Visitor: 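Got a structure for you, questions after.
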Protein chains: 2
Amino acid sequence: MTEMSSATIADVAKRAGVSSATVSRVINRNYPVATSTRERVEAAIAELGYVANAHARALAGSTNRTVGIIINDVVDPFYAYIARGVEREATVHGRLCMVCCTQGSHEKELALIDLLHEQRADAVILVGGAHEDRAYAAEVGRRARALHTAGSTLVLCGRPSLGDDVPTKVVEYDNEGGAFAITDYLITQGHRRILFLGGPPSLSTTIARLAGHRRALEMRGLAQAKELVHTGSFNRRFGYDKVRALLAEGLDFTAIFAANDTVAAGVMQALELAGVSVPEEISVVGYDDVPVAQELRPQLTTVRIPLEEMGRQAVRLALGVAGESDYLAPVQTTTRVGTSIVVRGSVAPPR
Amino acid sequence: MTEMSSATIADVAKRAGVSSATVSRVINRNYPVATSTRERVEAAIAELGYVANAHARALAGSTNRTVGIIINDVVDPFYAYIARGVEREATVHGRLCMVCCTQGSHEKELALIDLLHEQRADAVILVGGAHEDRAYAAEVGRRARALHTAGSTLVLCGRPSLGDDVPTKVVEYDNEGGAFAITDYLITQGHRRILFLGGPPSLSTTIARLAGHRRALEMRGLAQAKELVHTGSFNRRFGYDKVRALLAEGLDFTAIFAANDTVAAGVMQALELAGVSVPEEISVVGYDDVPVAQELRPQLTTVRIPLEEMGRQAVRLALGVAGESDYLAPVQTTTRVGTSIVVRGSVAPPR
DNA sequence: CTGAAAGCGCTAACAT
DNA sequence: ATGTTAGCGCTTTCAG
């Protein structure tokens, strides 16, 4: 059995008959080394199966060359696409990506920011909407400052800024605008009684979507009927159950705006089961444009968010990679991406 | 502006008027410390916003408390569910999880194993089928040995062992058995001409599925018709294009076994477009049982793999957590989970 | 072009 | 109960 501990740079140095400084130089290629020396060192590395210790490196040098991302859940496509963008852009900049999941727990989220800070991540990216909660916001703010002081950056991706006095960078998308646009589209098609379904009521994401929805209604002189708004959660089950219940109680509406595509999938299934045809009898729209939107029948008309691009922007912002080559620009601190509606087959004029 | 470098344990010690060892003790709670001292130290930590440096810790102590997972792509649900299992089980054992993506590149995969080794991950989990390639297998084997020597573990999750002389642990699922079962189900329903579609031909995953398929055929005395096997890739597009082409050339078949659910989604869309009804005219089955299977209409009959459980097993195996409390058992090195067919609405007897 | 030596921030004996 | 003191493995001046 081989010994249970790896070779160190000193072992390599001894074997190659040089100093450890020289070994470091051939590894990092940041300093001239004679070819013959380099070859001897490389041979020693291979023979010993030497693998540098990233911790010792991080400790001696400065940066750890990693970025951390904190999301709710890897299997949720909303997060997965953002994570993909982060992962890819991090790779482009030679960074390793650490993905952590909160399962929606605030405490876990705060603990993960700390953990990533301990790891000395070059950036920690917090993804997804935030619940309104002053105490929690204060905790996040405290950590943002700590990270900033340590030379790292907290970036908020898809959630509102914590205020100008909190050192974060933010990547936002036009959430309200997307909701406005798709509601207006529904109105244009002739719908007047539109059911808004899903989304945790205190989540910033839900609030913005609801605000856009309401603004569109008001712009057309339509009052927002209280019985038509049913927030709750972002899962499929909610859409399914709620539609079943509302159908049973005979509520009057001609279209449904699901707070996201997942909820819309549940909505469509409930409608299907009740024998209600989409879009002939009821129109349905969603939000996010994740893959399921294209699998539903009819295919779902929804709002597209450039999720992967948001992830990329988050790491660019954090790493200070110039978007434009304007060398006089101050360090950019906020990026905003647009949303757009994608029309498929789930909307028709009401009967 | 606060100074741009974080407080160290020495700063905390000075401020609290104790030695750094004492600070270390209160942080790690692994040694008695007087209550009054502890309080002073905690106050100092809070005032300074001290956050321990995980690298210094990893360097001084031994383990880094992280596990790494290498997958093709975060947004692919097959990988995402396994990643979720890894993430959750890692958390249970107090480990942080680093997720890395290869985009299907062998070189990147090897580089990532090295990277994770450099990070001194407690385990590196390699997920998904492998291509047949001796040189590549040798490279993976070399890294498995290096990891082993360093006291870490390479676990192969969903791919075949590299042989008994290579120190890895493996989590496998009954891939061949699932393919056998679902093919047999199709035959039982009366199908004789079954199209096998998709999966990279040299990937171990595809090979096993095809083998199970063939075995079921043979067991029923049916010869495998060459024109009925079309491997290719695991994406939706492949399923769509291939079915369109085969339909156009008038190939005779009554059922399609898509190598995974994603391919099945493409298959179903092509069938829909061609006006072929499922399952009345053509039956379709998939593999994996990822969410899309339930969104398709009709819902897809497919083979279920306990993906998340595989991820959990992988970390348990790597960390040496006893599955059973059999304290005499040797260190377990392989786990195998079963697959099962889930019957939904996409299969019917042929006309 | 190469070596010597001083840390980086922390933990773990070993003292007291 | 607390302090002292070595390192952990690497990078990086500073000297040759």
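Because the structure is predicted, anything quoted here is derived from the model rather than measured. Chain letters run A, B, ... following the sequence lines, proteins first, then strands; residues in each count from 1.
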Visitor: Would you call the rings of His106(A) and Tyr136(A) parallel, tilted or perpendicular if under 30° counts as parallel and over 60° as perpendicular?
Guide: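 Rings of His106(A) and Tyr136(A): parallel, as their planes differ by under 30°.
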Visitor: What nucleotide, of dT2(C), dG9(C), dC14(C), holds the atom closest to the side chain of Ala60(B)?
Guide: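 Comparing dT2(C), dG9(C), dC14(C) against the side chain of Ala60(B), the answer is dG9(C).
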Visitor: dT2(D) P sits how many Å from Asn28(B) CG, rounded?
Guide: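 For the pair Asn28(B) CG and dT2(D) P, the rounded distance is 16 Å.
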Visitor: Looking at CD1 of Ile45(A) and CZ of Arg15(A), how far apart are the two atoms once the value is rounded to the nearest 0.5 Å?
Guide: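 Output value for this atom pair is 12.0 Å.
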Visitor: Rounded to whole angstrom units, what separation is found between the CZ atom of Arg57(A) and the C1' atom of dC10(C)?
Guide: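 One finds 20 Å between C1' of dC10(C) and CZ of Arg57(A), rounded.
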Visitor: So for the helix from dC1(C)-dG16(D) to dT16(C)-dA1(D), with five pairs setting each end axis, what is the inter-axis angle to 10°?
Guide: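 Answer rounded to 10°: the end axes differ by 30°.
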Visitor: Considering only heavy atoms from C-beta outward, does the side chain of Arg65(B) approach that of Arg57(B) to under 4.5 Å?
Guide: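 A side-chain contact under 4.5 Å is absent here.
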Visitor: Report which part of the nucleic acid Ala34(B) touches: base, sugar-phosphate, or nothing (heavy-atom distance under 4.0 Å, all strands).
Guide: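 Contact class for Ala34(B): sugar-phosphate only.
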Visitor: Within this structure, what is the CZ-to-C1' distance between Arg65(A) and dC10(D), rounded to whole angstrom?
Guide: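 Whole-Å distance recorded here is 16 Å.
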Visitor: If you compare every side-chain N and O of Ser20(A) against the phosphate oxygens of dT11(D) (OP1, OP2), does one of them come in below 4.0 Å?
Guide: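 No, because none of the side-chain N or O atoms of Ser20(A) sits under 4.0 Å from OP1 or OP2 of dT11(D).
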Visitor: At a heavy-atom distance below 4.0 Å, what parts of residues 44-56 of chain B sit against DNA chain D?
Guide: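 Nucleic-acid contacts, sorted: none.
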Visitor: Any side-chain heavy atom of Cys97(B) within less than 4.5 Å of one from Ile69(B)?
Guide: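 Touching, per the 4.5 Å side-chain cut-off.
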Visitor: Thinking salt bridges, do Arg84(A) and Glu87(A) make one under a 4.0 Å N-O criterion?
Guide: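 Salt bridge flag = no for Glu87(A) with Arg84(A).
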Visitor: Within this structure, what is the CG-to-C1' distance between Leu59(A) and dT11(D), rounded to whole angstrom?
Guide: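 Between C1' of dT11(D) and CG of Leu59(A): 10 Å.
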Visitor: Run the salt-bridge test on Glu139(A) and Arg142(A) with the 4.0 Å N-O cut-off and return the result as yes or no.
Guide: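 A salt bridge links Glu139(A) with Arg142(A).
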Visitor: Which nucleotide wins on minimum distance to the side chain of Ser24(A), given the candidates dT2(D), dT11(D), dT2(C)?
Guide: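 So the side chain of Ser24(A) is nearest to dT11(D).
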Visitor: Would you classify Thr22(B) as touching base, sugar-phosphate or nothing, given that sugar-phosphate means primed atoms plus P, OP1 and OP2, and contacts are heavy atoms under 4.0 Å?
Guide: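 Touches sugar-phosphate only.
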Visitor: Would you say Ser6(B) and Arg120(A) make side-chain contact, with heavy atoms under 4.5 Å?
Guide: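 In short, these two side chains touch, coming nearer than 4.5 Å.
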Visitor: Is the number of heavy atoms from other residues, nucleotides or ligands under 6.0 Å of Asp164(B) CG greater than 12?
Guide: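 12 or below, so no.
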Visitor: Would you mind reading off the distance between Glu118(B) atom CD and dT11(D) atom C1', rounded to a whole angstrom?
Guide: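 Those two atoms, CD and C1', are 15 Å apart.
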Visitor: Quick check on Lys14(B): does its NZ atom have over 12 non-hydrogen neighbours (other residues, nucleotides or ligands) under 6.0 Å away?
Guide: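 No - once you tally the heavy atoms of other residues, nucleotides and ligands closer than 6.0 Å, there are 12 at most.
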Visitor: Between Arg25(B) and Ser36(A), just flag the one whose closest nucleotide in DNA chain C comes earlier from the 5' side.
Guide: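 Between the two, 5'-proximity favours Ser36(A).
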Visitor: May I ask you to say what Val18(A) touches in the nucleic acid, namely base, sugar-phosphate or nothing, with a heavy-atom cut-off under 4.0 Å?
Guide: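 Sugar-phosphate contact only - Val18(A) comes under 4.0 Å of backbone atoms but never of a base.
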Visitor: In this structure, how many angstroms lie between the C1' atom of dG9(D) and the CZ atom of Arg120(B), rounded?
Guide: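 Taking atom C1' of dG9(D) as the reference, CZ of Arg120(B) is at 9 Å.
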Visitor: To the nearest 0.5 Å, what is the distance between CG (Leu116(A)) and CE (Met98(A))?
Guide: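 Nearest 0.5 Å value for the CG-CE distance: 5.0 Å.
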Visitor: Is the phosphate of dG9(D), meaning OP1 or OP2, less than 4.0 Å from a side-chain N or O of Thr8(A)?
Guide: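 Result: no.
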Visitor: Could you tell me the separation between the CZ atom of Arg40(A) and the P atom of dC1(C), rounded to a whole number of Å?
Guide: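 Result: 14 Å.
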Visitor: Starting at CD1 of Ile27(A) and ending at P of dC10(D), how long is that distance when rounded to a whole Å?
Guide: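 Between P of dC10(D) and CD1 of Ile27(A): 7 Å.
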